[in-house]
Every structure is written in structure tokens, then in C-alpha cells.
Amino acid sequence: MATNRGVAYLEPSRVEVRKIDFPTFRNPAGKEIDHGVILKVVSTNICGSDQHMVRGRTTAPAGMVLGHEITGMVIEKGRDVEYLEVGDLVSVPFNVACGRCRTCREGDTGVCLHVNSDRAGGAYGYVDMGGWIGGQAEYVMVPYADFNLLKFPDKAQAMEKIRDLTCLSDILPTGFHGAITAKVGVGSTVYVAGAGPVGLAAAAAARILGAAVVLIGDMNQERLAHAKKVGFEPIDLSRHDRLGELVADVLGFPEVDSAIDCVGFEAKGYSGDGHVVEAPAVVLNSLMEVTRPAGAIGIPGLYVTEDPGAKEKAAKLGNLSLRLGLGWAKSHSLHTGQTPVIKYNRQLMQAILWDRLPIADIVNVKVITLDQAPEGYKSFDAGIANKFVIDPHGEIAKVA
Ligand code: NAD
Ligand code: ZN
Ligand code: ZN
């Protein structure tokens, strides 16, 4: 019997690498399936979305195996898998999608209707997303494999660019979706809230879509310095909270065409006495302020329906003090939700393979071993300017 190890969530601020079951061709309900593959995981990333769970800000159960950003090699395939072969190197969209329901057929794979018995949308290793086992592990099972997986055309070339290609499972398509839904195009002025990996990916997406200028705001100095180094205009929110003025300092005008929320519900803001406090609606409200009339706001930043760690009672159920009247008065378009990765990953793979999008350098990828994952979680939580990529079999180390 083959063995497996993975990163499990234990309790707030604690994850552990432990022995876990080797994957089987069964769905979370225990039903045997023929449309899956088992992957040897080549790379699997730690995400800001994982941090919401690890900080105890969701209802994630203890013992859950984490990991939704997966790239791997097919080592076994189910009877119904027709178009993938053992040995193929593939990117796994973090969405688990059936490819058969109405929303999947319309391309909205972030809200598949068949892969989660509680609500629309599935993901690996994520609370409320259907119970699919996570891939921060040595091996993982991917269902509906013919539909979900993106095969890299040339394995040797893909391994050379694996630090970039690993970003295709989530953050690069997510940043791109944020920019597309914020209607970024040639000559756009863009403000990105949050200089974490998703914010940097959104900024990179805005640039490749032709934005004239990309501003990126945070209060984390190390992340702002990195954003500047890779060519974006840093907006230092530790100076004060009047975002329009900070935008005007760069553009000469307090508004942008497009804005992208890459922060989500754990956003920080200022209290009346100037202290930094958690302020779950601050990003959305400030984006409505700085987005021009008829502009658009993309919202990949995550918002929850239950937040056990919320400071305010209303926020415990995901209710925010939104000034929606402002956005309404300016005829804003707002777009939320999980990214339908499949809509974008093939084009973005081509952009990487043809050297148009150096995403690993932009998000500052740092490769670690599986055993270093708990440390990686801690440094990422502390706001280090890196995107952690776990290399469970040492395959990336070999090509480096
Ligand atoms: P991260 O936690 O590393 O980055 C968030 C950054 O926001 C931090 O640097 C923090 O200092 C900064 N920040 C806090 N308050 C701010 C404010 N008021 N203005 C500007 N910046 C502020 O996380 P990440 O990995 O970059 O992910 C960002 C968000 O995207 C998370 O909420 C994550 O769950 C979400 N996400 C969504 C999808 C999707 O499909 N929609 C996919 C991936 C990630
Ligand atoms: Zn992610
Ligand atoms: Zn579906």
C-alpha cells in the first residue's frame, strides 16, 4: 500500500504535516467514481485563502487536509478518463467542477452545481467546498479529470517554468479575473487593494491587459517595496486613510477607471484614534470612492457567510457596513466570487510559455519542502513578501 503525507489544519495558528490516506477513486460521499486521476503532486502553493482558515476565521474542521493550488503528474487514471495519460504533467484549477451542470456548461466553474451538497462550488481542501481532500500533500485525487485538468504541452519545458506555471492553479487566473471584471483595458488607470500574491497577480494581469498605470495599496512596507521593485506604483496606506488623496498624489486626480479588491473580509483600516483595526468593509467602501463614475470593481478578495472570529456581531454572519449608495450613485459594476480558473488558465499558460508574464518573479515565489510548510504558513501570516510553493517530492529542487 502506497503511503501519503499532507498538511492538516489542527486549530487556529496550527497546521501539521502528517500521514494521510493514499487517494482513492471515491468522491466525498464515498461513491466510487471512474472519471478521476491520481496525481503525484509536483507543486502546491500556500494561499491567502488558506490563511483565513488557519487563523480560525472560518468553520474549517480540525484535521482537514489543506491545499487547493496543485500541479502534478498523472500516475493512475480511472476507467472513464479518455484524454489524459499516465505521465502527463497537469495544472489543476482550484475549482472542483463537473463540466456537466448548467453553470459549468456556461463556463462558471467556480459555482458548479454538482460537486458540493451544501452550496454551489467545490474546491480541494477548503471549508464548505464539498469535502474534497486537499493537495498540500504527496498525492491527491482529481475528479472529472478530462474536464478539469490543463495538460502542459511539453514536460521538460514545463518543468523549467514550473515556478511560473504553479501560479495557474489559482492566483494568476484570479488576478486576471479581477482585472477582467474590473474592465481593465488599454490605457486604463487601475488601483489594486492588497499587495499580497493575489494583488501582485492582479497588477500583473492589468499590465498585460494594457493598463496605463497600476497602483497597488497596502500598509505592509516589505510588500510595497517588492511591488515597486516589479514595476507598480506603491500606495502606502500606513500614511493615512484618505485613499483618494493618495491616488491623486500619483495620478493628479483622485479616481481610477478600474479597481480590484485583493484583500477580502480580513481588511485593516483606521479607527477614529488612528490605530489600525480590522474593518471588513473598508476596502469595498474605499474602492467605491476612488473608482470613477461608470467604472468597474473586481472583487476576488474573499468574503464569508460565517466568521467566528469577527469583532462585530453583524460581521459574524458576513453582514458588512457597505456604503452601497455611493457605488449606486456612480453606476459602478461590481463582480464577486470564486474565479472560474478554466476560463483563463490556457491563455495564461501560453503567456508564460512565451515569456510574456514572469509571474514567479512578480509574486516572489519561494520554494519550500513539505516539512517546511508549517513554517511557511507562519511567515506568510506575518506578511512576508513571498508566495510559498511546496515541493513535496523535491522535483522542483532537481530542476533549479
Ligand atoms: P494575503 O493575505 O497574502 O494578502 C492580503 C494583503 O492585503 C496583505 O498584504 C494585507 O496587508 C493587505 N491589506 C489589509 N488591509 C488592507 C487595506 N485596507 N487595503 C489594502 N491592503 C490591505 O492574501 P492573498 O493570497 O494575496 O489573497 C488575497 C485575497 O484573495 C484573500 O482574501 C484570498 O482569500 C482571496 N482569494 C480569492 C480567490 C477567488 O477565487 N476569488 C482566489 C484566491 C484568493
Ligand atoms: Zn488559492
Ligand atoms: Zn458543474
Side-chain angles (χ1 to χ4, degrees), residues 44-53 55 57-58 66-70 93-116 120-126 144 147-148 167 169-175 177-178 181 191-202 216-224 226-227 235-238 241 243 246 260-270 276-287 298-304 335-341 363 380-388:
T44 173
N45 322 328
I46 300 175
C47 181
S49 299
D50 297 322
Q51 295 289 3
H52 301 308
M53 294 189 284
R55 290 187 191 121
R57 299 301 297 269
T58 69
L66 300 167
H68 58 271
E69 302 192 3
I70 309 162
F94 77 85
N95 325 101
V96 180
C98 75
R100 305 164 186 194
C101 70
R102 176 180 175 180
T103 56
C104 280
R105 286 156 65 114
E106 291 174 4
D108 296 316
T109 52
V111 277
C112 170
L113 304 175
H114 289 156
V115 292
N116 181 349
Y124 308 87
Y126 212 86
Y144 307 102
F147 178 69
N148 283 309
C167 300
S169 56
D170 182 352
I171 58 165
L172 183 54
T174 292
H177 182 61
T181 55
Y191 174 71
V192 177
V198 172
L200 290 163
I216 181 160
D218 206 303
M219 47 276 284
N220 176 322
Q221 301 303 315
E222 190 187 333
R223 288 186 167 188
L224 286 173
H226 176 75
I235 296 289
D236 182 358
L237 298 169
S238 69
D241 63 354
L243 182 59
L246 295 168
I260 312 171
D261 172 357
C262 301
V263 182
F265 74 106
E266 288 192 71
K268 308 258 183 312
Y270 290 93
V276 174
V277 291
E278 192 162 299
V282 70
V283 172
L284 295 172
N285 285 332
S286 62
L287 294 192
I299 311 175
L302 189 144
Y303 291 86
V304 287
H335 198 288
T336 64
Q338 305 274 352
T339 301
V341 169
V363 302
F380 190 47
D381 184 43
I384 196 172
N386 283 115
K387 171 76 178 174
F388 285 107

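In listed order, ligands and their atoms are each counted from 1. The model shown is predicted, which means the values in this text are computed figures rather than measured ones.
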Any residue meeting ring pair (Phe, Tyr, Trp, His ring centres under 6.0 Å) with H52, in chain and number order, not counting sequence neighbours: F265

F265 heavy atom under 4.0 Å from ligand 1: no

What protein heavy atom lies closest to atom 30 (O) of ligand 1? Include the residue and the distance to one decimal. G301 CA, 3.8 Å

With nothing but distance in play, are any N or O atoms of C262 less than 3.5 Å from an N or O of ligand 1? no

Among all protein heavy atoms, pick out the one at the shortest distance from atom 22 (C) of ligand 1; state its residue, atom name and that distance to 0.1 Å. V263 CG2, 3.5 Å

Identify the closest protein heavy atom to atom 42 (C) of ligand 1: which residue and atom is it, and at what distance? D170 OD1, 3.1 Å

Taking the side chain as everything from C-beta on, heavy atoms only, tell me whether I70 gets closer than 4.5 Å to Y124. yes

Are T109 and Y144 close enough that some pair of their side-chain heavy atoms sits under 4.5 Å apart? no

Donor-acceptor pair, side chain of D236 and main chain of S238, under 3.5 angstrom: yes

Give the numbers and elements of all ligand 1 atoms closer than 4.0 Å to a heavy atom of V282. 18 (N)

Ligand 1 and M219, any nitrogen or oxygen pair closer than 3.5 angstrom? no

Among T44, D50, N45, which residue satisfies the side-chain contact (heavy atoms from CB on, under 4.5 Å) criterion with C47? D50

Quick one: how many protein N/O/S atoms are under 2.8 Å away from the Zn ion (ligand 2)? 4

By residue and atom, what protein N/O/S atoms are less than 2.8 Å from the Zn ion (ligand 3)? C98 SG, C101 SG, C104 SG, C112 SG

A267: heavy atom below 4.0 Å from ligand 1, yes or no? yes

Do any nitrogen or oxygen atoms of G48 come within less than 3.5 Å of a nitrogen or oxygen of ligand 1? yes

Donor-acceptor pairs are to be reported for all side-chain atoms of residues 93-103 against protein atoms at under 3.5 Å, with residues two or more places apart or in another chain.
{"unit_1": "N95", "atom_1": "OD1", "unit_2": "V341", "atom_2": "N", "d": "3.0"}
{"unit_1": "N95", "atom_1": "ND2", "unit_2": "T339", "atom_2": "O", "d": "2.8"}
{"unit_1": "R102", "atom_1": "NE", "unit_2": "E106", "atom_2": "OE2", "d": "3.4"}
{"unit_1": "T103", "atom_1": "OG1", "unit_2": "V111", "atom_2": "O", "d": "2.8"}

H52 heavy atoms, cut-off 4.0 Å: which ligand 1 atoms fall inside? 31 (C), 32 (O), 33 (C), 34 (O)

Going by heavy atoms, is G337 under 4.0 Å from ligand 1? yes

Would you say V283 and ligand 1 have an N/O pair spaced under 3.5 Å apart? no

State if G383 counts as touching ligand 1 under the rule of any non-hydrogen atom under 4.0 Å. no

I260 and its side-chain contact (heavy atoms from CB on, under 4.5 Å) partner, picked from V198, V192, I299, V283: V192

On a heavy-atom basis, which atom in P340 and which in G107 lie closest, and how many Å separate them? CB-O, 3.4 Å

Run the numbers for me: atoms of ligand 1, each under 4.0 Å from some heavy atom of F380, listed by number. 3 (O), 25 (O)

Quick one: does any side-chain atom of N116 pair with a main-chain N or O of G121 as donor and acceptor, under 3.5 Å? yes

closest protein heavy atom to atom 1 (P) of ligand 1 is R223 NH1, 3.7 Å

Tell me the nearest of G199, P173, S49 to atom 44 (C) of ligand 1, using heavy-atom distances. S49

Evaluate D218 for polar contact with ligand 1, using N/O atom pairs at a separation under 3.5 Å. yes

Closest non-hydrogen contact found for Y191 with L237 is OH-CD1, 3.9 Å

Run the side chain to side chain contact (heavy atoms under 4.5 Å, CB included) check on I171 and K387 step by step: do they pass? CA-CA 10 Å; I171 58 165; K387 171 76 178 174; 3.6 Å; yes

Closest protein heavy atom (residue, atom, distance) for atom 19 (N) of ligand 1: L237 CD1, 3.1 Å

Looking at ligand 1, does Q338 have a heavy atom less than 4.0 Å from it? yes

Per-residue contact class, L302 against ligand 1 - non-hydrogen pairs under 4.0 Å: both

Give me the nearest non-hydrogen protein atom to atom 26 (O) of ligand 1 as residue plus atom name, then the distance to 0.1 Å. V198 N, 3.0 Å

Residue, atom name and distance, where the atom is the protein heavy atom closest to atom 18 (N) of ligand 1: K268 O, 2.8 Å

Among all protein heavy atoms, pick out the one at the shortest distance from atom 37 (C) of ligand 1; state its residue, atom name and that distance to 0.1 Å. P300 O, 2.9 Å

